[in-house]
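Sequence lines set the chain letters: A, B, ... in the order given, protein chains first and strands last, and positions in each chain run from 1. Bear in mind the structure is a predicted one, so any value in this text is a computation, not a measurement.
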Number of protein chains: 2
Amino acid sequence: MISQQYKDMLKGKSVIRELAEFAAARGKEIGYENVFDYSLGNPSVSAPQKFAETMIGLLNKKSSQELHGYSPSLGIQTVREKVAASLNQRFKMDYKANHIFMTSAAASALAHAIRLVTGPGDEILTFAPFFPEYNPYVNLTGAKLTVIPAETPSFQINFEQLEKHLNEKVMAVLINTPNNPSGVVYTAATLKKLADLLLEKQKEYGHDIFLISDEPYREIVFAGVETPYVSSFYDNSISCYSFSKSLSLPGERIGYLAVNPACADADLFALMCGQISRGIGHNCPASIMQLAIAEMLSVTSDISIYETNMNLIYHELKDLGFNVTKPGGTFYILPKALEEDATAFCRKALKYDLILVPSDSFGCPGYFRMAYCIDTEKVKRSLPVLRSFVEKEYKSERKSSC
Amino acid sequence: MISQQYKDMLKGKSVIRELAEFAAARGKEIGYENVFDYSLGNPSVSAPQKFAETMIGLLNKKSSQELHGYSPSLGIQTVREKVAASLNQRFKMDYKANHIFMTSAAASALAHAIRLVTGPGDEILTFAPFFPEYNPYVNLTGAKLTVIPAETPSFQINFEQLEKHLNEKVMAVLINTPNNPSGVVYTAATLKKLADLLLEKQKEYGHDIFLISDEPYREIVFAGVETPYVSSFYDNSISCYSFSKSLSLPGERIGYLAVNPACADADLFALMCGQISRGIGHNCPASIMQLAIAEMLSVTSDISIYETNMNLIYHELKDLGFNVTKPGGTFYILPKALEEDATAFCRKALKYDLILVPSDSFGCPGYFRMAYCIDTEKVKRSLPVLRSFVEKEYKSERKSSC
């Protein structure tokens, strides 16, 4: 019988998809350069020139079998060794190659991590605002995702709410720092407090609680921001990484899962990931892509552009009177909307060809996300439009609230 | 809690893995060129030169965003269009782009197809000899794989056994032609008879029964062999393809799923695959790989080498008195072992540095598989060794049976 489960999923309307469709249609009408599309996290910054050079070098120098032959199901050994060495050098960890499992970017790493440590009936906690794709990753395993309400305006962790929601069924806690959509980076104090609480609850419940860390924005952090390495705070941790954002390669689906060497069953986890992959029929990222990124572990795209964009937008938003928390990294910002219904706010913005995403699907209503991974020139052109939108649509209300 | 299911899967001992390890260790001792390793289906023939040229052309000419930006989750539209057009032209079908879903090779296509049309408690039938990785693809969805005993010596379908096993829980039948491990290609008569039977059973049970066709060897067929296109025989069919073998790109994980346009819910299936992918966290094959293969749809590696190898081995086996069915395609052959216990037979061959795979895990005991995707020169050198093995180990038995 045709699977009703997946058929039903087609009914869900995605606001982001609707917005993207609007932007595309409007772009055809007035030219895409005139649509101020802040909806998608698709990096505008090019991949480093070194990436193309590395790929061409591999294609010219290596044999077909070396480049395109089957990769071992856990990833190419030399690549896993280089990833481990790079993490150890940067974050003072003690990873070995057998703690690294190569994946099709962070989505695949997360799906594997979730299957590693939970099963049907288990519960996973995450924190608003959160990336809504966590829902299918968790729900389709038979486990349940519970979203802890946001701590505003800091967008750190709401510990009071976390303690309320912790229970014996919770097998994992899933965090994302630097965060999509808030742009906020968890402080060392936040991570320490989280680790202490989970250690205490592990003892109380008599079972492991794993910390799954979604880190695709790890490299995109701004000047002066403290950026602690999550796994150094908690032994039972799994780091999920992607090269999509740091190297601007989202289409190439390349990343890895790194199991904390101090984790329970640390030496089994990558092997178990291999078994999970057998079941989902997805064995490995492309072999040439593995070989290429192994040469790029200390390189990033020109991510300074995101900080430039962030500063321009942040200051304009402040000047316009928005309540907004300054991002510490990523290419997202999450200001409070100027009316309670963020979807209504974003719909009004469409009239100005401003594509903003309401925060409801991120589990944190009343805000809107701007993905500023677009050209700085376009950001600059968008600012007077943003001002005009705010002044025309909310002038009277803002005056009345003064 | 750490998933016991995946932990338990680690305990299963794989004979093929043991053999591969033996071959690697022995290779270090005596030089890998002296180990006659027929164990692995890793193509020895290089990818076409056009593949490297196409990749380098893309890297030099296209922008980073065009090459490496997010692919739509169902695959790049122009690639899907080209795949559909190529299938229509070659097989007189009527695919549109929306019937094509780009996958990480055949494994991923199969895993998606299985999830599309079955759920926990359902049953899928397949035919021995069969690729043992079908087990995890099916079992980890909660459905059950039932293996219909082989029809020997033809390795077509054993219809008597099939009729015995068909029941209301069967939602899909999974076939693989040209077949790994037998090398046999199902005839049009076989496919017609299968289609007729399934049509009859659909009516009887009052629900669809889908035919999932695993076709990674579709292009590797030998002179004079009839090679019908499976989906042209049965409306409710899903074709699972990979470029791993035809273009010698197994590490690059690229293939597709093609839904028969006449299939129930044909227009929904690719969309549903997108939802399945969300759950398993694997969104797409690498974008540059999609763009590259779209330029290679009428190209293959020099697959004539496999036919050369097959003829050398087949004639030597016949001359040595083996019961063996001549392959119509692939790079496999499945002769009957010279004693009942094929594992014992293959262990004895190891003494001669001949690596043969016993057929037990293919659901067809008493045979052994030779994967002749190795250099022809090595095949030639292996033949006197094979003769020596047979004569020394089985001479007396063969004489006594004369």
| message | Regarding Glu252(B) and Ser287(A), do their side chains bring together a donor and an acceptor under 3.5 Å, going by distance alone? | response | yes

| field | Ile276(B) and Met9(A), any side-chain heavy atoms less than 4.5 Å apart | value | no

| query | Is there side-chain contact between Arg253(A) and Pro285(B), with at least one heavy-atom pair below 4.5 Å? | reply | no

| request: For chain B, find which of Ile288(A), Leu140(A), Leu271(A) contributes the most heavy-atom pairs closer than 4.5 angstrom. | output: Ile288(A)

| remark: Applying a strict 4.5 Å limit to non-hydrogen atoms, the region of Leu110(A) in contact with chain B is neither

| Is there side-chain contact between Ile56(B) and Asn60(A), with heavy atoms separated by less than 4.5 Å? | yes

| query | Ala47(B) and Ser64(A): which non-hydrogen atoms are nearest, and at how many Å? | reply | N-OG, 2.8 Å

| task | Please tell me if the side chains of Leu59(A) and Glu53(B) come closer than 4.5 Å, counting only heavy atoms from C-beta onward. | result | no

| request: Against chain A, work out which of Ser277(B), Ser104(B), Gly69(B) has the most heavy-atom pairs shorter than 4.5 Å and name it. | output: Gly69(B)

| task | Side-chain contact test, heavy atoms from C-beta onward, threshold under 4.5 Å: evaluate it for Leu268(A) versus Leu10(B) and give yes or no. | result | yes

| field | Which portion of Val45(B) sits near chain A, non-hydrogen atoms under 4.5 angstrom | value | backbone

| task | Report yes if the side chains of Arg278(A) and Asn135(B) come closer than 4.5 Å at any heavy-atom pair, otherwise no. | result | no

| task | Decide side chain to side chain contact (heavy atoms under 4.5 Å, CB included) for Arg115(A) and Ile280(B); before the verdict, give the C-alpha distance in whole Å, the side-chain angles of both, and the deciding distance to 0.1 Å. | result | CA-CA 10 Å; Arg115(A) 280 165 176 77; Ile280(B) 60 184; 3.8 Å; yes

| query | Where is the tightest heavy-atom contact between Gly41(A) and Tyr70(B), given as atom of each residue plus distance? | reply | O-CE1, 3.6 Å

| query | Distance-only, no hydrogens or angles: does the Gln275(B) side chain make a donor-acceptor pair with backbone N or O of Lys7(A) under 3.5 Å? | reply | no

| field | Residue among Ser71(A), Ala286(A), Ala111(A) with most heavy-atom pairs under 4.5 Å to chain B | value | Ala286(A)

| field | Close side-chain approach of Met55(A) and Leu67(B), heavy atoms under 4.5 Å | value | no

| said: Shorter than 4.5 Å, heavy atoms on both sides: which option in Pro43(B), Ser244(B), Ser44(B), Ala105(B) has the most such pairs with chain A? | reply: Ser44(B)

| Step-by-step side chain to side chain contact (heavy atoms under 4.5 Å, CB included) determination, Leu247(B) to His68(A) | CA-CA 10 Å; Leu247(B) 290 175; His68(A) 311 307; over 6 Å; no

| query | Any idea which heavy atoms bring Gly281(A) and Tyr137(B) closest together, and the distance? | reply | CA-CE2, 4.1 Å

